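Below is one structure, written out as structure tokens; the observations come after it.
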Amino acid sequence: MRVSLCLSSPNRFLQFCHRPNSPNPSMASGSGSLMWFRKGLRIHDNPALQQAAKESTCVYPVFVIDPYFMEPDPNAFSPGSSRAGLNRIRFLLESLVDLDSSLRQLGSRLLVLKGDPGEVIIRCLKEWEVKRLCFEYDTDPYYQALDIKVKNYASAAGIEVFSPVSHTLFDSADIIQKNGGRPPLSYQSFLKLAGQPSWASSPLSTTLSWLPPVGDVGTCEISNVPTVKELGYEEIGQDELTPFKGGESEALKRLRESIRDKEWVANFEKPKGDPSAFLKPATTVLSPYLKFGCLSSRYFYQCLTDVYKNVKRHTSPPVSLVGQLLWRDFFYTVGFGTPNFDHMKGNRICKQIPWNDDDELLAAWREARTGYPWIDAIMVQLRKWGWMHHLARHCVACFLTRGDLFVHWEKGRDVFERLLIDSDWAINNGNWLWLSCSSFFYQYNRIYSPITFGKKYDPNGNYIRHFLPILKDMPKEYIYEPWTAPPSIQAKAKCIIGKDYPKPVVCHDSAIKECKRKLAEAYALNKRLDGSVTEEDLKKLRRKLEEDENPESNTSRTRQKLIG
DNA sequence: AATCTGTTGTCCCA
DNA sequence: TGGGACAACAGATT
């Protein structure tokens with residue numbers, strides 16, 4: 001896979017790199033570099049790695065197994081750690097194996113260490129006496145806090161720090177600054193500020209053919225890339241295993257396959273994709289590779305613009321494939337510039353809404369037993385594959401929050417964050433804010449129907465039959481609403497509703513009325529108090545909403561008034 | 001103050 | 001399969 005990739009000028013990261021406080025070279029005695037991998041698990045288009053290799057007698061390529069993400073949690077609702085499901089952990093390990101193998105081909109290897117990353121890296125810096133520390137700049141709050149600690153230590157020790165922006169197309173901080181210190185809150189204003197990526201016009205062919213050797217590792221405990229078993233996890237069955245394999249090699253292969261069909265690339269329109277397509281997904285499924293940095297977003301960007309150059313016409317942002325990359329940057333920028341972006345409270349761009357705290361409804365949604373086959377099938381795909389089509393994500397997110405169950409978006413966000421192999425802090429939170437009508441998008445009367453939305457793409461219900469095999473023999477007339485099937489039909493399909501498959505947890509028709517009413521009241525409150533809604537205000541609104549409840553459509557009735 | 005825009009709704013009708 | 005009604009929001013732009 002050591003192919004020559006057509007890459008752009010490195011000038012850009014000189015412009016955007018975050019420089020350390022004037023390092024004092026005399027203080028660092030060594031002449032080696034430490035390359036700290038976190039995301040950016042690739043060889044191609046990796047400015048931090050390139051810099052680590054430059055003028056170094058040795059390079060220490062390090063990955064730290066962080067218990068915060070990787071420690072097994074037997075109490076979690078699915079196999080994995082408290083924060084990551086096993087499919088994503090496996091995807092990461094596969095990416096590390098691939099990275100290690102590529103590094104070995106360059107005469108190096110990956111050094112895997114375990115422990116708190118801050119402490120581990122600082123210990124390595126001390127013991128190995130490196131002159132330079134290189135790692136990709138990261139806007140996620142977890143890394144922001146971690147990186148400050150490490151940078152402070154390195155600067156004080158006279159170690160040069162090189163931390164380029166290479167995960168996204170743009171520098172979020174740069175865009176926020178251009179906008180007067182606040183992130184743009186609409187896609188169009190983001191595009192205006194972002195402008196054309198300046199580096200796109202100056203391509204450069206880079207071939208990384210070798211790396212300086214790994215230096216003496218001293219007493220640091222180095223291991224190979226662990227297996228899931230070595231990390232303390234039980235192997236999961238084939239049935240629960242995601243079909244997507246991690247790693248840079250896989251990412252580049254998938255990229256090549258995706259852009260082979262020029263017409264498909266040129267005519268791509270995200271909203272027109274079929275969420276029920278699972279044998280051949282309607283999108284590229286490159287998101288997990290972008291998340292871990294197995295694929296460089298700007299290499300992807302340049303491959304797409306190359307295709308555009310050779311076709312008569314092509315689609316444009318927001319719906320085009322390039323548009324998707326720009327959405328990614330949009331959410332990174334808003335997430336970076338918004339305090340408490342991942343919470344409702346204290347988040348100035350988030351509407352304060354009196355969501356339910358209903359663990360039963362949340363569990364029904366999470367465990368794929370809402371009684372709506374379209375919703376439940378998507379939730380099964382989430383658990384098994386760690387990936388669903390974008391519109392499928394919309395359907396279940398809308399259903400959990402503003403559409404039907406009125407459960408807090410943060411609860412759904414947590415489930416997605418854990419189970420998606422492509423879960424990305426900024427993008428995941430941004431989309432939950434969007435879908436719950438808490439920010440960016442406010443037309444709460446537009447609700448995805450859990451019955452008709454899927455039906456228009458997949459009238460026969462093949463997607464449901466695949467992910468919910470209990471319904472595989474249900475006639476297509478009833479498969480989206482099996483509770484309406486006559487008892488004889490249910491018996492014949494060997495699926496008795498209420499026994500083999502649950503009855504709906506809510507009645508959709510009355511649930512949407514309730515949700516719209518609550519959102520109208522909540523919006524009015526937010527407008528009246530102009531961004532200063534307190535906990536007390538929300539409590540009062542909750543009481544008011546209960547008092548006003550129409551006995552024909554209150555929550556308990558909504559739950560009980562089920563057909564059949 | 002009025003108007004336009006917003007990645008991806010549903011239902012009904014022709 | 002495509003258009004309009006529905007009911008209607010916030011934020012950006014004028």
Side-chain angles (χ1 to χ4, degrees), chain A residues 178-180 182-194 267-277 281-284 287 304 314-331 333-334 337-338 347-353 372 374-375 378 388-399 401-404 427 430-459 480-481 508-531 533:
Chain A
K178 269 194 205 165
N179 198 40
R182 289 203 171 192
L185 295 177
S186 74
Y187 189 72
Q188 291 307 329
S189 56
F190 170 81
L191 289 187
K192 261 188 205 163
L193 286 162
N267 296 321
F268 184 91
E269 281 184 71
K270 185 73 160 275
K272 292 199 175 160
D274 176 357
S276 71
T283 54
T284 60
S287 53
L304 293 173
H314 61 82
T315 52
S316 296
V319 296
S320 66
L321 274 174
V322 161
Q324 306 314 303
L325 277 175
L326 294 169
W327 275 109
R328 178 172 178 269
D329 266 50
F330 170 70
F331 284 124
T333 302
V334 186
T338 307
N347 180 346
R348 68 164 183 252
I349 70 165
C350 181
K351 293 245 177 281
Q352 304 299 303
I353 295 165
Y372 287 92
W374 172 245
I375 299 298
I378 295 167
M388 319 88 99
H389 185 276
H390 190 66
L391 288 177
R393 299 180 194 205
H394 280 213
C395 287
V396 294
C398 178
F399 186 86
T401 58
R402 68 182 170 87
D404 293 82
I427 300 171
N431 276 309
W432 277 95
L433 284 164
W434 187 295
L435 262 299
S436 64
C437 278
S438 297
S439 198
F440 308 113
F441 174 81
Y442 307 97
Q443 287 181 269
Y444 55 77
N445 52 322
R446 293 187 181 175
I447 293 170
Y448 291 92
S449 164
I451 297 152
T452 59
F453 187 83
K455 208 186 265 181
K456 73 183 174 202
Y457 296 96
D458 180 15
Y480 284 89
E481 306 165 86
H508 178 65
D509 285 343
S510 42
I512 56 172
K513 280 184 195 139
E514 274 297 287
C515 287
K516 286 179 189 175
R517 188 176 69 89
K518 287 176 181 169
L519 275 165
E521 293 270 6
Y523 269 38
L525 180 71
N526 278 265
K527 200 170 190 174
R528 198 165 69 240
L529 298 179
D530 192 27
V533 180

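The structure displayed is predicted, hence computed values, not measured ones. Each chain gets a letter, A, B and so on, in the order the sequences are listed, and its residues count up from 1.
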Can you give me the N/O atom pairs linking the protein to nucleotides 10-14 of chain C at distances under 3.5 Å, or say none if there are none?
from: C:dT13; atom 1: OP1; to: A:Lys192; atom 2: NZ; distance (Å): 3.2

Taking the side chain as everything from C-beta on, heavy atoms only, tell me whether [X] gets closer than 4.5 Å to [Y].
{"X": "A:Tyr480", "Y": "A:Ser449", "value": "no"}
{"X": "A:Ile353", "Y": "A:Arg402", "value": "no"}
{"X": "A:Tyr187", "Y": "A:Trp327", "value": "yes"}

A:Cys437 SG to A:Lys516 NZ distance, which is reported to the nearest 0.5 Å: 11.5 Å
Separation of A:Lys192 NZ from A:Asn179 CG (nearest 0.5 Å):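 Rounded to the nearest 0.5 Å, the CG-NZ separation comes out at 11.0 Å.
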C:dA8 and B:dT5, which share atom name C1', separated by this distance in whole Å: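 Each nucleotide's C1' atom is 14 Å from the other's.
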Rounded to the Å, how far apart are [X] [atom1] and [N] [atom2]?
{"X": "A:Gln188", "N": "B:dT7", "atom1": "CD", "atom2": "P", "answer": "6 Å"}
{"X": "A:Tyr444", "N": "C:dC9", "atom1": "OH", "atom2": "P", "answer": "5 Å"}
{"X": "A:Met388", "N": "B:dT8", "atom1": "CE", "atom2": "P", "answer": "19 Å"}
{"X": "A:Tyr457", "N": "C:dT1", "atom1": "OH", "atom2": "C1'", "answer": "14 Å"}
{"X": "A:His394", "N": "B:dG6", "atom1": "NE2", "atom2": "C1'", "answer": "14 Å"}
{"X": "A:Gln443", "N": "C:dA8", "atom1": "CD", "atom2": "C1'", "answer": "7 Å"}
{"X": "A:Ile353", "N": "C:dC9", "atom1": "CD1", "atom2": "C1'", "answer": "12 Å"}
{"X": "A:Phe330", "N": "B:dT7", "atom1": "CZ", "atom2": "P", "answer": "8 Å"}

Nucleotides 9-14 of chain B: protein proximity per nucleotide (B base, S sugar-phosphate only, - neither; heavy atom, under 4.0 Å): BSS---
Touch class at under 4.0 angstrom, heavy-atom based, for A:Gln324 against every strand present: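 The answer is base, as A:Gln324 lies within the cut-off (heavy atoms under 4.0 Å) of a base atom.
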Neighbour count >12 (heavy atoms, 6.0 Å) for atom CZ, A:Arg348: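 Buried by this count: over 12 neighbours within 6.0 Å.
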Side-chain (A:Gln324) to main-chain (A:Val319) donor-acceptor, under 3.5 angstrom: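 Side chain of A:Gln324 to backbone of A:Val319: a pair is present.
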Set of residues satisfying side chain to side chain donor-acceptor pair (under 3.5 Å) with respect to A:Glu521, sequence neighbours excluded: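 For A:Glu521 the side chain to side chain donor-acceptor pair (under 3.5 Å) partners, ignoring immediate neighbours, are A:Lys544.
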Residues that A:Thr401 engages under side chain to side chain donor-acceptor pair (under 3.5 Å), provided they are two or more places apart: none
Between A:His508 and A:Asp404, a side-chain donor and acceptor under 3.5 Å: yes
Stacking check A:Trp327 vs B:dT7 (5.5 Å / 30 deg):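 Stacking is present between B:dT7 and A:Trp327, given that their ring centres fall under 5.5 Å apart and the planes under 30°.
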Paired stretches of DNA chain C - 3 or more consecutive Watson-Crick or G-U pairs, each distance under 3.5 Å: B:1-6 with C:9-14, B:9-14 with C:1-6
Check: residues 439-447 of chain A side-chain donor-acceptor pairs under 3.5 Å, at least two apart:
from: A:Ser439; atom 1: OG; to: A:Ile349; atom 2: O; distance (Å): 2.7
from: A:Tyr442; atom 1: OH; to: A:Phe440; atom 2: N; distance (Å): 3.1

